[in-house]
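Here's the structure we're looking at; comments come further down.
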2 protein chains.
Amino acid sequence: MKTSQVLSPPKVRIIAYTSSMMPSSLTDHIKKYISLTETEEQQICNAVTVKAIKKKSFLLEPDHVCKELHFVSSGCLRLYFINKKLNEQITLFAIENWWITDYESLDSGRPSSYYMQAVENSEVISISKTKLDELFEAVPKLERYFRIVQQRAFAATQTRIKYIYSMSDEERYHHFSSRFPAFMQRVPQYMLASYLGFTPQFLSKIRAKNI
Amino acid sequence: MKTSQVLSPPKVRIIAYTSSMMPSSLTDHIKKYISLTETEEQQICNAVTVKAIKKKSFLLEPDHVCKELHFVSSGCLRLYFINKKLNEQITLFAIENWWITDYESLDSGRPSSYYMQAVENSEVISISKTKLDELFEAVPKLERYFRIVQQRAFAATQTRIKYIYSMSDEERYHHFSSRFPAFMQRVPQYMLASYLGFTPQFLSKIRAKNI
DNA sequence: ATCTTTTCTTAATCTTGATTCATTTTTTGA
DNA sequence: TCAAAAAATGAATCAAGATTAAGAAAAGAT
């Protein structure tokens, strides 16, 4: 699976604020973990940007510094890099209610080596690192929300490493497809193969065996 | 590498508090990220327990619920599980200034599937989930410290997944040994092989090639 | 100082999943 | 609505690393 290195310009549309277009999916998610006053909710809304992202367009490309975190309110994004064999390697998918960013670049200020691309037409709620730091000063409660979100993300990644090291590729495919049957329907097979760390040919082979 | 299933009883000694034995390695670490008043420092000290752990003894065993987080002030611990082939699989090492716990069990309250064992005689500063939650109420500033620690841990794990998927086992060994030469000297080779996801025999083969 | 346990090494054979390349099927866009 | 691109399949060959089974060396314990 060779990847086209020619990138189409990002098709990102910034959605204007209207009372019916508030980033409520984000504040709803935050309110699962901490309570928010009207004012705090407003402070959050003022700090974020809602973006509609066309399928296949990019929110981040290699050699650019990642300056934002994105909360997926609808759709699906993927984070991937091009490995030495010039194949795409997906390291992360983000669907509704997940955050996606390249923390390595975001924290260090160094250029990213990742592509962040919409797998479906999606809507994200974005906040820059700078705005987020300001927001933490203004609404310290949010530290707790992000601590919990980070902790869950870390736990999920630890579990993923456990699976990588304890199952064969075939086992991992079966495990994944039984745990996330709906997600399997949403993304092309070659992306799943990439995420699970093997080739599309091998995925075909596994599927052929089980039909 | 078969693992003895017979576990020696943990040899954990709780160190009595003396003015010269405060958990200052922890508060020093916290103070790299946030400022602490005398009172706050005292509140932290009252919530934690300092423990000396003999090499090879366990802080956590499978089927027990993980109830604590541990900050390593000296020494080295490892987190591992027994895979289907009855081999040890190490998922995490923690050395000075790193936190170690099984977040999956800690968060869910379900029994752990991991062993947490001292690789060297070590000293850890432990805090129970309960005490930590109380501490977050008493010293909300700590949310920020833990958010930052979690974010770094997550970023490190993401990078690890990137390496797993972009390098061969041999490349990953060379990369690891050039990045952490000192750590290589601290742990037995078979543990490195396990952490890197291959057999001790393969590690020997790699080393033989490069001498 | 020596006995025991732990760790490391070597080598032969075997397996899983990669590679290569061709073909078919599905999706997309003008 | 149909051509072109993207995605999925199939089969033959290949390679990285596992497995098995010794034995050697190093580290601990008494």
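Every chain is numbered from 1 and lettered A, B, ... according to where its sequence line falls, protein lines coming before strand lines.
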* Indicate whether OP1 or OP2 belonging to D:dA18 is found under 4.0 Å from a side-chain N or O atom of B:Thr199. => yes
* Can you check whether A:Lys55 has a side-chain N or O nearer than 4.0 Å to OP1 or OP2 of C:dT28? -> yes
* Structure fact -> Taken to the nearest whole Å, CD/B:Glu120 to C1'/D:dA27 is 15 Å
* B:Glu68 and its salt bridge (Lys or Arg N to Asp or Glu O under 4.0 Å) partner, picked from B:Lys51, B:Lys129, B:Lys131 -> B:Lys51
* Return the value, rounded to whole Å, for the distance between atom CE of A:Met191 and atom P of D:dA6. => 12 Å
* Structure fact -> When rounded to whole Å, the CD to P distance for the pair B:Gln189 and D:dA26 reads 12 Å
* Distance in angstrom units between B:Tyr165 OH and D:dA16 C1', rounded -> 17 Å
* Please confirm whether A:Trp99 and A:Phe146 have ring centers closer than 6.0 angstrom. => yes
* Structure fact -> The nucleotide from C:dT19, D:dG17, C:dC8 with an atom nearest the side chain of A:Lys85 is C:dT19
* **Candidate nucleotides D:dA8, D:dA7, C:dA18, ranked by approach to the side chain of A:Phe202 - the nearest** => C:dA18
* Asked: Below 6.0 angstrom between ring centroids: does that apply to B:Phe176 and B:Tyr163?
  -> no
* **Sugar-phosphate, base or nothing in reach of B:Ser168, heavy atoms under 4.0 Å** => sugar-phosphate
* Hey, does the Lys NZ or Arg CZ of B:Arg78 hover above the aromatic six-ring of B:Tyr114, less than 6.0 Å from the centre and inside 45° of the axis? -> no
* Of the nucleotides D:dA7, D:dA18, C:dC8, which one has an atom closest to the side chain of B:Lys205? -> D:dA18
* Asked: How many Å lie between CE on B:Met167 and C1' on D:dG17, as a whole number?
  -> 18 Å
* **Check: B:Tyr195 ring centre within less than 6.0 Å of B:Tyr80 ring centre** => no
* **A:Phe58 ring center within less than 6.0 Å of A:Tyr115 ring center** => yes
* Structure fact -> Taken to the nearest whole Å, CG/B:Leu203 to P/C:dC8 is 8 Å
* Structure fact -> Out of D:dA8, D:dA18, C:dT7, minimum distance to the side chain of B:Phe198 belongs to D:dA18
* Whole-Å distance between D:dA6 P and A:Glu88 CD? -> 11 Å
* Roughly how many Å is it from NZ in A:Lys84 to P in C:dA18, rounded to a whole number? -> 16 Å
* To do: Kindly point out which of C:dT10, C:dG17, D:dT19 is positioned nearest to the side chain of B:Asn87?
  => D:dT19
* Could you tell me whether the phosphate oxygens of D:dT9, OP1 or OP2, come under 4.0 Å of any side-chain nitrogen or oxygen in A:Arg207? => yes
Pairs under 3.5 Å (N/O, protein and nucleotides 22-24 of chain C):
none

* Report yes or no: is the cationic atom of B:Arg147 (NZ for Lys, CZ for Arg) closer than 6.0 Å to the six-membered ring centre of A:Phe136, at no more than 45° off its axis? => yes
* All side chain to side chain contact (heavy atoms under 4.5 Å, CB included) counterparts of B:Ser108, not counting sequence neighbours -> B:Arg110
* Asked: When you measure from the side chain of B:Glu170, which nucleotide among C:dT7, D:dG17, C:dT9 comes out closest?
  -> D:dG17
